[in-house]
Each structure stands twice: as C-alpha cells, then as structure tokens.
Amino acid sequence: MLDLKLIRHDPGAVRTALRRRGEAEAARLDEVLELDERRREILPRLEALRAIQNEANAQIAEAKRAGAEADEAIGRMREVAGQAKALGEELATVEAELNAALALVPNLPDATAADEDTVLREVGTIPTREYEARDHLALAGERIDMERGARVAGSRFAYLRGDLVFLELALVQWTLDLLRGHGFEPVIPPVLVREEALYGTGFLPDTEQQIYHLPEDDLYLAGTSEVALASLHAGEILDADMVPLRYAGFSPCFRREAGAAGRDTRGIFRVHQFDKVEMFSFVAPEAALEEHERLLSIEEEILSALQIPYRVVNIGIGDLGAPAAKKYDCEAWLPGQGRYRELTSTSNTTDYQARRLQIRLRGADGKPVTAYTLNGTAVAVGRTIVALLENGQREDGSVELPECLAAFGAPAVLPAA
RNA sequence: GGAAGGGUGGCAGAGCGGUUGAAUGCACCGGCCUUGAAAGCCGGAGUCCGUGCAAGCGGAUCGCGGGUUCGAAUCCCGCCCCUUCCGCCA
C-alpha cells in the first residue's frame, strides 16, 4: 500500500512513477484522490459534532455530580447524536472504498528498475559435452516419481525418493547454515495462514488464482514463507537498533499454477508443492537498496557454490508483482532444456508490505516510521535439484554433486538411473 | 470437540454507564541532588487521523466488529486470541 499522504502531497510524482507500470495503473490514482478528498470533506464536520457531544457530555457529568438537572445538555446530545451517526456511516462507506482503491494501487517502481527484462551478467561456465544432455527426469529415474504422484494427488505432484531425499535435506541444511553465517535467524513458519497475512504481503488482492484456500477453516496455503515471515512482526513498532532483522524461513510452498496449463509439465520444475528456504529482511528505509544487493549477492554465492551456471536479470517493470519496487531473478542454465530458467528471485518491496502490516521502526527522534522489507529465494529446493542434476550429469547418466553438500549428508555422486 | 475463566498503555495491574487517555507500581526520557553513580525529589512520555509553518487545537483509540443509551473500557450480541480442565492426537 502506498502512503496516502505522499499521494496527496505529490500526486504528480506518484502518477509519473506509476505510469511506468502502465496507464491503467496510473489511472487508479484518480479514484484514490477523489475518495480522499471526500473523506477530508466529511471528517472535520463529523469531528465538530463529536466535539459538541464531548462538551455536552462533560456538562451533563458535572450537573449530575452537583445533583442538578441537565435536560438542556441531554437534549443537545440527543440532537447531535443523530447527525453524527448519519455522518459516521457516510464516512465509513467512503473510507472502505478508499481503502479498497488504495489496496489495488501497486508499488512505485524504483528508479533503477528496468523497463524491460535486462540481463546484467552471466556467471559460470555452461558445460560442453559430446553427448546429448539428459533432463532431470531422465537422470533421476524413479527417484522422481511423477506417475505415482499424479495417481495419489493429481498432476504436478511428485514423490521424491531415495538419494534425492538426502540431497534435499543436505541442500536445506547447508543453506540454513550458510545463511546463519550471514546473520539470518532460521525459522520454520506456519504454512497455513489467514487472509490478513496474504493481504498484508500484497498477494491478495492480486494473485488469488494461485492460492489454495481451505474454506472449512478459512485458511490459505502459503505459496511462500515470505507471507508468514513478513507477518512475523505485524503490528509492531521495532526499535531502530533492532534492524536489520534477517530471517531464513524453511517451509513447503503451495501453488495452484492455474493458468500454467501445459507449461513445464515434465518433471518437478513447476509443481504444486515444493520446499524452499527464503530470506526475509526488515530494514530501515535508507538501507533497503543496499540490502537488496546483499540478498542478490547471497543468491549468487549459493549458485556459485553449487556450481550452477546462471545469469542475473533485472526484471522489467511489467513483470513486477504489485508489492515490488524492483526485482532481480537469477536464472540457472538447464542443459536438459538448453536455456536459462528462473531459479531464485529477490524483491525490494520498500514500505509497501510493511505499511499494510503496520510494521514500524522507532527512529532516533522517537517518531515511528514505516519499515522496509525485502525478500529473496535462498534455495527453491525442487528447481535447484533440477539444476544440480542437469548440470552435474556425466555421459553414463550418473551425476556429480557439489562438494559443499557432502558434509551435510548428500551423496558425492548420484548413480545413473 | 465439550466446560469454565480472561483479553486495559513497553510490562504488571486498578477501573459504581458520565471531567477515565485511563489510578498505582516497574521500566523509559529530561531536570535537581552527587566527585561519579545509586537512592530520593520534580517533570515528561502511547498510537492513529484531521488542521496548522509551528506551538497548538480538534477527533479517534481499553482484542476486532456490531448493538443498547443523550453518553460505553464499563451492559448485550458475534468473531478473534489466551489460560485451565476434559476428550482426541504426532
């Protein structure tokens, strides 16, 4: 959610920034501005009535205490109360519309966000081989069991079996260990969340078609632990010296993938359920840009340590989600597909989520300011396994795995399927 | 799932339906005192909205929402959360 005061005081600048997302988004401002004006027309009138009520109430109280009659003041209260109630209802309607309109306005793109997807750099060596590269399913064999997964839960569900389970666990543990070294507190968050948490992070109203809902309990299956991590400090005013606060959340993630029919149907590249280690930072406003680069550098450190060739993309404004002001994706080279595919993603959501979640910092002057939040994928386990298998493959179909994982229980070599 | 109790300021904890934004204690900030500190004394201090250059002024806020009433922290209803007991359970 944008700062209403900013919209009010500098609508031109906000509109200009929003235009980079398109005219339709910029046009949303008009409704917000109009509703805000109506609100500020009604509010002083209502407050004046309330002031009269409060004054009359004091007189009544005083008269009662003195044992005197207060009919005149009570009459005045009675009269004003009716007017105040009607005005109050009018205000409530306008405020509800205002909040709904404001909730639909996406975040302002950062000045350094790209207009179109822009590859910043390619890192690592794309392996050359005389044989045809296999894809991860061919390499995994029954250790990735899609057929039985589909039989039990439907398409896009998989069984991970045997060695791959130890690979997953090693990957997770190695990542959490590395992140702790970078100052991230490991967290296993709730995966089922309330609507407020999704609204607060900007997934609602925006991506509802991607989210599983449990109507019996009115809970939602989170598509990322970002939801629960952002909500960790909802409603709190944090001391400025507590930030940066960094969390590494490990959780399963659930996505309906509605609208992705037919895409990436082979293997576990795009499934309804996967595990992920997610980084999440709460920072002071002025520290956000640097923190974003920091999250990106950690993502790159991880990909490099795992010897996965990748490229970094500054995501174009058209592909930014509503909460993001800027986003980098790291795309891994997948020999089985012969192209780069998204593996991790990090977003600077500035104060967009924190304002909705009412997360503030108490600055040196004692005044609360809205915090800034950022998120980034440390390891999306399923896709990382895909990348490890396809990049580590040898001609005989066995797979060499990165050394760093061995200490955490991963096999050094995955036998051919 | 059943039964009971409870949600008040950073924390603890009062609060006959009417000068209660809210006693008191602790914690916090400033001042006095002190060589320095502690103790003591004096004072200050929540958050949000509107208005104003500002000081300020006005409004809201006692889990959330609604109701009763001229008037609700206080009474009624719904929801959320916490605690205890029973049941169930990895």
Side-chain angles (χ1 to χ4, degrees), chain A residues 1-11 32-103 188-200 204 214-220 228 231-243 245 251-252 351 354-371:
Chain A
M1 186 157 69
L2 296 185
D3 183 357
L4 186 55
K5 283 178 182 164
L6 176 68
I7 295 175
R8 192 150 71 214
H9 291 134
D10 200 351
V32 170
L33 284 165
E34 191 218 310
L35 287 164
D36 179 52
E37 209 164 300
R38 279 177 61 195
R39 171 174 181 271
R40 282 184 303 134
E41 188 273 321
I42 296 169
L43 191 60
R45 290 197 283 139
L46 177 60
E47 291 186 346
L49 290 176
R50 294 242 167 95
I52 293 171
Q53 282 184 293
N54 287 341
E55 197 194 339
N57 191 41
Q59 286 172 16
I60 295 167
E62 197 170 348
K64 292 267 176 178
R65 208 148 13 85
E69 289 302 312
D71 292 349
E72 186 273 330
I74 288 180
R76 201 144 31 96
M77 283 275 272
R78 209 187 297 268
E79 187 186 322
V80 173
Q83 300 172 31
K85 186 169 183 180
L87 249 194
E89 280 163 10
E90 199 181 331
L91 181 69
T93 305
V94 170
E95 286 190 335
E97 289 173 13
L98 175 59
N99 288 335
L102 198 53
I188 296 180
V191 176
L192 293 176
V193 298
R194 290 226 177 87
E195 184 179 345
E196 295 87 79
L198 288 163
Y199 172 83
L204 291 178
L214 277 51
E216 282 289 295
D217 299 281
D218 206 16
L219 289 169
Y220 297 81
S231 302
L232 185 58
H233 292 294
E236 297 181 19
I237 300 179
L238 305 164
D239 285 333
D241 58 12
M242 285 174 71
V243 296
L245 275 173
S251 78
D351 56 354
R355 181 166 293 108
R356 290 191 185 205
L357 292 165
Q358 296 180 67
I359 302 166
R360 287 165 290 179
L361 305 175
R362 193 179 299 283
D365 61 355
K367 291 286 168 217
V369 295
T370 301

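Protein chains get the first letters and strands the later ones, always in sequence-line order, with residue 1 at the start of each.
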**Q** Taking the P atom of each, how far is B/A38 from B/C32, in whole Å?
**A**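 Straight-line distance between the two P atoms is 14 Å.
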
**Q** Separation of A/D36 atom CG from B/U51 atom C1', in whole Å?
**A**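 One finds 14 Å between C1' of B/U51 and CG of A/D36, rounded.
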
**Q** Measure the distance from CZ on A/R362 to C1' on B/U47 and round it to the nearest whole Å.
**A**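 So the two atoms are 9 Å apart, to the nearest Å.
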
**Q** Please report the distance, rounded to the nearest Å, between CD1 in A/I42 and P in B/U51.
**A**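 In whole Å, B/U51 P and A/I42 CD1 are 14 Å from each other.
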
**Q** Sort me out a list of protein N/O and nucleotides 52-57 of chain B N/O pairs below 3.5 Å, or just none if empty.
**A**
none

**Q** What's the gap between B/C26 and B/G50 when it is taken at their C1' atoms, as a whole Å value?
**A**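 These two C1' atoms come out 35 Å apart once rounded.
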
**Q** Could you give the distance from CG (A/N54) to CG (A/L49), rounded to the nearest 0.5 Å?
**A**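 Answer for the CG-CG pair, A/N54 versus A/L49, is 11.0 Å.
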
**Q** Closest heavy-atom contact between A/G200 and A/R356?
**A**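 Minimum heavy-atom separation between A/G200 and A/R356: O-CB, 3.5 Å.
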
**Q** On a whole-Å scale, what distance lies between the P atoms belonging to B/G59 and B/U19?
**A**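 It works out to 14 Å between them.
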
**Q** In terms of the nearest nucleotide of RNA chain B, which residue is placed more toward the 5' end: A/K5 or A/R360?
**A**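 Result: A/R360.
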
**Q** Considering only atom P, compute the distance from B/G17 to B/C28 and round it to an integer number of Å.
**A**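 Their P atoms lie roughly 37 Å apart.
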
**Q** Taking the P atom in each of B/A54 and B/G44, what is the distance between them to the nearest angstrom?
**A**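 One P to the other, the span is 24 Å.
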
**Q** What are the two closest heavy atoms between A/S251 and A/V191, and how far apart are they?
**A**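 Smallest interatomic distance, heavy atoms only, reads CB-CG2, 4.1 Å.
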
**Q** Counting the atoms with a prime plus P, OP1 and OP2 as sugar-phosphate, which does A/R8 contact under 4.0 Å by heavy atoms, base, sugar-phosphate, or nothing?
**A**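 Since only primed, P, OP1 and OP2 atoms lie under 4.0 Å of A/R8, the category is sugar-phosphate.
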
**Q** Go along nucleotides 59-80 of chain B 5' to 3' and tag each nucleotide: B for a protein heavy atom under 4.0 Å from its base, S when only backbone or sugar atoms are that close, - otherwise.
**A** SS---------BS--------S

**Q** Can any side-chain N or O of A/D239 pair as donor or acceptor with the backbone N or O of A/D241 at less than 3.5 Å?
**A**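 No: the side chain of A/D239 does not pair with the backbone of A/D241.
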
**Q** What interatomic distance, in whole Å, is found between P of B/G6 and the corresponding atom of B/G15?
**A**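 Roughly 12 Å separates the two P atoms.
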
**Q** Distance between the P atoms of B/C89 and B/A73, in whole angstroms?
**A**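 Rounded to whole Å, the distance is 46 Å.
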
**Q** I'd like a table of donor-acceptor pairs (distance under 3.5 Å, sequence neighbours excluded) in which one partner is a side-chain atom from residues 79-98 of chain A, with atom names and distances.
**A**
unit_1: A/T93; atom_1: OG1; unit_2: A/E89; atom_2: O; d: 3.0
unit_1: A/E95; atom_1: OE2; unit_2: A/R39; atom_2: NE; d: 2.7

**Q** What integer number of Å spans the C1' atoms of B/U68 and B/C76?
**A**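 My reading of the C1' atoms in B/U68 and B/C76 gives 7 Å.
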
**Q** Once you round it to whole Å, what is the distance between C1' of B/G50 and CG of A/L49?
**A**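 After rounding, the reported distance stands at 14 Å.
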
